[in-house]
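Right, one structure below, let's go through it.
Letters A, B, ... are given to chains in the order of the sequence lines, protein chains preceding strands, and every chain is numbered from 1.
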Amino acid sequence: MKNLFRIELIKTIYYPTFWAILLLHSLFFVIIIALGANLDINIQGVQVFKLFAPNYIWGTTAWIASWFNLLLAIMIIVLTGNEIQYNTFRRQLLDGLNRNHLIIGKFALIAGLSLYVIFLVSVTGFIISLNSGEPSINGFFYGFKFVLILGVQSLAYMSLAMLTAIVFRNIALSIIVFLLYFIMIEPFIRIFFASNIDVYFPVKLISNLTPMPDFMGMISSELSAMQAVDPNSIAQLQSVPDGLSLGISVPLCLIYIVVFVSVTRILLKVRDF
Amino acid sequence: MASVLKVNSLSKNFGSIKALDNLNLSISKGEVFGILGPNGSGKTTFLSVILGIKTATAGNFCWFEEPNDKVVNNKLGALLEVPYFYPYLSIEKNLRITALSRGYGLESIPEILHKVGLFERRKSPCYSLSLGMKQRLALAQTLLGNPEILVLDEPTNGLDPEGIADVRNIIKDQSYLGKTIIIASHNLDEIQKVCTHVVILKNGKNIAYGKVDDLLSINQVAIIESQQTNELSNLLTSIKGCKILEKNASGFVLTFDSQVNVAEFGTLLSNEGITLNRFEIRRPTLEELFLGIVKQTNS
C-alpha cells in the first residue's frame with residue numbers, strides 16, 4: 001500500500017500540468033476571497049464583505065471553493081486519461097500490480113486533493129477571520145462543518161471525473177462529456193422530474209452540499225434589527241425549498257462516491273488493456 | 001523439466017475475429033521459446049492473455065502450476081509491443097515506478113541502467129529519448145528485479161545493429177543463468193540465434209511447434225538453377241511436398257518436406273529432360289522454414 005502512494009506521488013509531483021492546475025486553483029480561490037473580504041460591494045442588499053464575518057465565513061469560503069472543484073475534477077481526468085493514453089496502466093499491470101491497485105492509487109490521489117482543498121479553505125478562512133477580530137474560539141469554528149463537507153464534495157466530483165476518464169478513455173472527450181453532464185445533460189433530464197425527486201440526481205445533490213450563503217437570512221437579521229420585524233417571517237417568505245438536509249445529502253453523496261468508484265473498478269476489471 | 005507455463009485450448013476473439021484459436025502449448029524452465037508468425041497472427045494477443053492484460057474468451061493457462069489464469073507477475077519481466085512509460089519523467093524515475101510496482105528496492109536501478117547502456121542518460125526525460133533508447137529503457141524495466149521469466153515482444157524494435165547485438169547478448173546471458181525466456185519477433189535470424197523452441201502462429205492457430213533443431217530437420221532446402229525455368233516451374237508445382245520459396249532469373253529456392261525423396265526428385269528431373277546448372281541441398285534456416293510452412297498453410 002505504501003508503495004502505491006509512493007508511485008502515485010512520483011507520477012504526480014513531477015507532472016508540470018498538475019502544478020499548473022493546482023496553482024490556478026489556489027490563486028483563483030485566494031484572489032476571489034481576498035477581493036470579496038475587502039471590497040465594499042452591495043449585492044441584494046448585503047455588503048459582500050459581511051459574508052466573511054464570523055458565523056458566515058466557513059459557509060462562504062466553502063461555497064466559493066466549490067466553484068473551483070471542476071478544475072480539480074478536470075485534473076483527475078487528465079491524470080487518469082494520461083495513464084490510458086501512455087499505456088502506463090498496462091505497464092503497471094505487467095509490473096505486478098493488479099486492477100484494484102490501480103484504483104486504490106488513483107483514489108488515494110483524489111483523497112489527497114480533497115485534503116488539500118480542506119487545508120486551503122481552512123488556512124484562507126483562518127487568515128480572514130484573524131483580520132475580522134473574532135474574539136471567541138466557539139465563534140471561530142461556527143459553520144466549520146461546511147469545510148469538511150466541501151472535502152466530501154471534492155471527493156465526489158473527482159470520483160465522477162475518474163469514472164468519466166475510464167469510460168471515455170480520451171482526455172478531451174472526457175472533459176467535454178463531464179462538463180456537458182454538469183451544465184446541460186443532468187439539468188435537462190431533471191426537467192422531467194418533480195422537484196422532490198430531482199434533488200437526488202448526483203450533480204444537484206453534490207452541488208447542494210455547499211449552498212450559497214444565506215443572503216435572505218442576513219437581510220432579515222439586519223431589517224429586524226432596524227425595524228423590529230421577525231427575521232424568520234422574512235426568510236420564510238423569500239426562501240425556496242431546494243435540496244435535502246445535510247443529514248441526508250452527505251450520506252447520499254458518500255453512497256454516490258462508492259458507486260462511482262465501484263463502477264470504475266468493474267470497468268477496469270472487465271476491460272482489456 | 002518443470003513446466004513454467006501450460007496453455008490449454010486458449011482462444012481469444014475480438015468480435016467475429018479469432019485472434020487466438022484453440023492454442024495448446026507448454027513451456028519448460030530454462031527454454032528460450034520463440035513465437036513466430038506473420039502480422040496479425042496473434043503473437044501479441046497471446047502474450048497479452050498470458051500476462052493478464054487481456055482476458056481469454058475460452059481455455060486457460062497456468063504459470064508454475066498455479067490456479068488457472070493467475071498471473072505471477074512478480075516472477076515475470078515483460079516487454080509488450082512498445083515501451084510504456086511517463087514521458088515527462090526521467091528514465092530513473094520511470095524505473096523507480098517499476099521497482100515500486102514490483103515491490104523491489106531501488107538499489108538495483110543503477111546496475112540495470114549500466115547493463116542497458118542508459119546510465120549516462122538516467123536524468124533525461126523520456127520524451128527526449130530516441131526509439132532505440134526507449135527500447136533499451138523498456139528492456140531495463142523488464143530486467144529490473146531479476147525476474148525468473150522474461151517475456152519479450154519484439155525486443156529489438158528500433159534498435160541499431162549494435163543495440164540488436166546487445167539485446168541478443170542480454171538474452172543469451174539470461175539464458176545461461178537458467179532463466180526462461182519467451183520471445184516474439186519478426187526477426188527470424190535473431191530467433192534462430194537465441195531460441196531453443198518455437199511455435200509458429202497463423203490466424204491464431206498453432207501451425208508448427210517444437211524444438212528448433214527438430215523443426216529444421218524435418219524440411220530441406222534445395223537451390224536449383226537451370227536454363228529451362230518454365231518447364232522446371234511447371235514440374236515443381238506438380239510435386240507434392242515441394243514449395244517454391246523464391247524464384248529468380250536463374251532458378252528457384254525450394255523447400256522439401258519429409259515425404260519428398262530427394263534421390264527420386266533428381267531422377268524425375270532427368271526423365272523430364274531438364275538439365276540443371278546447380279543443385280544444392282541444405283538444412284533450412286528458420287526463415288525458410290517459416291516461409292515454407294506459412295505458404296503451405298496458405299495453399
Side-chain angles (χ1 to χ4, degrees), chain A residues 1-23 75-106 108-109 165-166 169 171 265-273, chain B residues 12-14 19 44-45 47-57 70-90 92-106 123 125-127 134 137-138 141-145 147 150-153:
Chain A
M1 196 64 79
K2 192 178 150 199
N3 277 0
L4 287 180
F5 300 149
R6 288 175 73 186
I7 290 169
E8 218 54 45
L9 206 63
I10 294 172
K11 285 190 235 173
T12 312
I13 62 171
Y14 296 104
Y15 186 43
T17 310
F18 169 79
W19 291 111
I21 295 178
L22 211 63
L23 192 69
M75 178 149 76
I76 289 298
I77 290 178
V78 171
L79 289 170
T80 311
N82 277 347
E83 303 274 11
I84 296 162
Q85 192 180 319
Y86 302 148
N87 265 321
T88 39
F89 269 164
R90 177 188 265 209
R91 178 71 248 169
Q92 286 174 278
L93 291 175
L94 290 175
D95 287 338
L97 297 187
N98 62 39
R99 284 157 165 86
N100 285 341
H101 290 141
L102 303 180
I103 294 268
I104 292 169
K106 276 287 164 280
L109 174 67
I166 295 292
R169 293 174 164 221
I171 294 173
R265 181 174 173 269
I266 291 166
L267 285 175
L268 282 181
K269 281 257 178 195
V270 299
R271 272 191 179 165
D272 284 342
F273 279 90
Chain B
K12 173 70 182 173
N13 300 344
F14 295 111
T44 300
T45 304
L47 295 180
S48 301
V49 171
I50 61 170
L51 291 168
I53 300 298
K54 295 188 189 325
T55 49
T57 309
K70 185 179 177 196
V71 182
V72 280
N73 292 65
N74 56 342
K75 293 182 181 175
L76 302 174
L79 186 171
L80 201 55
E81 280 185 299
V82 289
Y84 310 121
F85 40 69
Y86 299 91
Y88 55 88
L89 290 181
S90 67
E92 200 171 39
K93 292 201 169 69
N94 270 290
L95 285 178
R96 268 189 205 183
I97 290 179
T98 300
L100 290 168
S101 300
R102 294 212 182 137
Y104 295 127
L106 307 177
K123 303 282 183 201
C126 287
Y127 63 75
K134 287 175 184 169
L137 171 59
Q141 287 175 318
T142 307
L143 295 172
L144 202 67
L150 297 177
V151 181
L152 307 169
D153 187 10

Heavy atoms only: give me the nearest [X]-[Y] pair and the separation to one decimal.
| X | Y | answer |
| --- | --- | --- |
| B:Gly103 | A:Asn3 | CA-ND2, 3.8 Å |
| B:Tyr86 | A:Gln92 | OH-OE1, 3.1 Å |
| B:Ile53 | A:Arg99 | O-NH2, 3.3 Å |

Let me confirm one number: the [atom1]-[atom2] distance from [X] to [Y], rounded to the nearest 0.5 Å.
| X | Y | atom1 | atom2 | answer |
| --- | --- | --- | --- | --- |
| B:Tyr84 | A:Tyr86 | OH | OH | 15.5 Å |
| B:Thr98 | A:Arg91 | OG1 | CZ | 5.5 Å |
| B:Leu80 | A:Phe273 | CG | CZ | 13.0 Å |
| B:Ser101 | A:His101 | OG | NE2 | 10.0 Å |

Given the options A:Leu97, A:Asn82, A:Asp95, A:Asn98, which has more heavy-atom pairs under 4.5 Å with chain B than any of the others?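 Heavy-atom pairs under 4.5 Å are most numerous for A:Asp95.
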What residue in A:Thr17, A:Asn87, A:Leu4 has the most heavy-atom pairs under 4.5 Å with chain B?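 When all of A:Thr17, A:Asn87, A:Leu4 are compared, A:Asn87 has the most.
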Is a side-chain N or O of A:Asp272 found less than 3.5 angstrom from the main chain of B:Thr55, in a donor-acceptor match?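 Yes: the side chain of A:Asp272 pairs with the backbone of B:Thr55.
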Relative to chain B, which segment of A:Lys2 carries a heavy atom at a distance below 4.5 Å: side chain, backbone, both, or neither?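 Neither part.
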Measuring heavy-atom distances to chain B, does A:Gln85 have an atom under 4.5 Å in its side chain, in its backbone, in both, or in neither?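 Contact with chain B involves no heavy atom of A:Gln85 at all.
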Report which part of B:Phe14 has an atom under 4.5 Å of a heavy atom belonging to chain A: side chain, backbone, both, or neither.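 B:Phe14 touches chain A through side-chain heavy atoms alone.
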Using non-hydrogen atoms and a 4.5 Å limit, figure out which bit of B:Ile97 sits close to chain A: side chain, backbone, both or neither.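 Both backbone and side chain.
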B:Leu100 and A:Ile10, any side-chain heavy atoms less than 4.5 Å apart: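 Yes, close enough: below the 4.5 Å cut-off.
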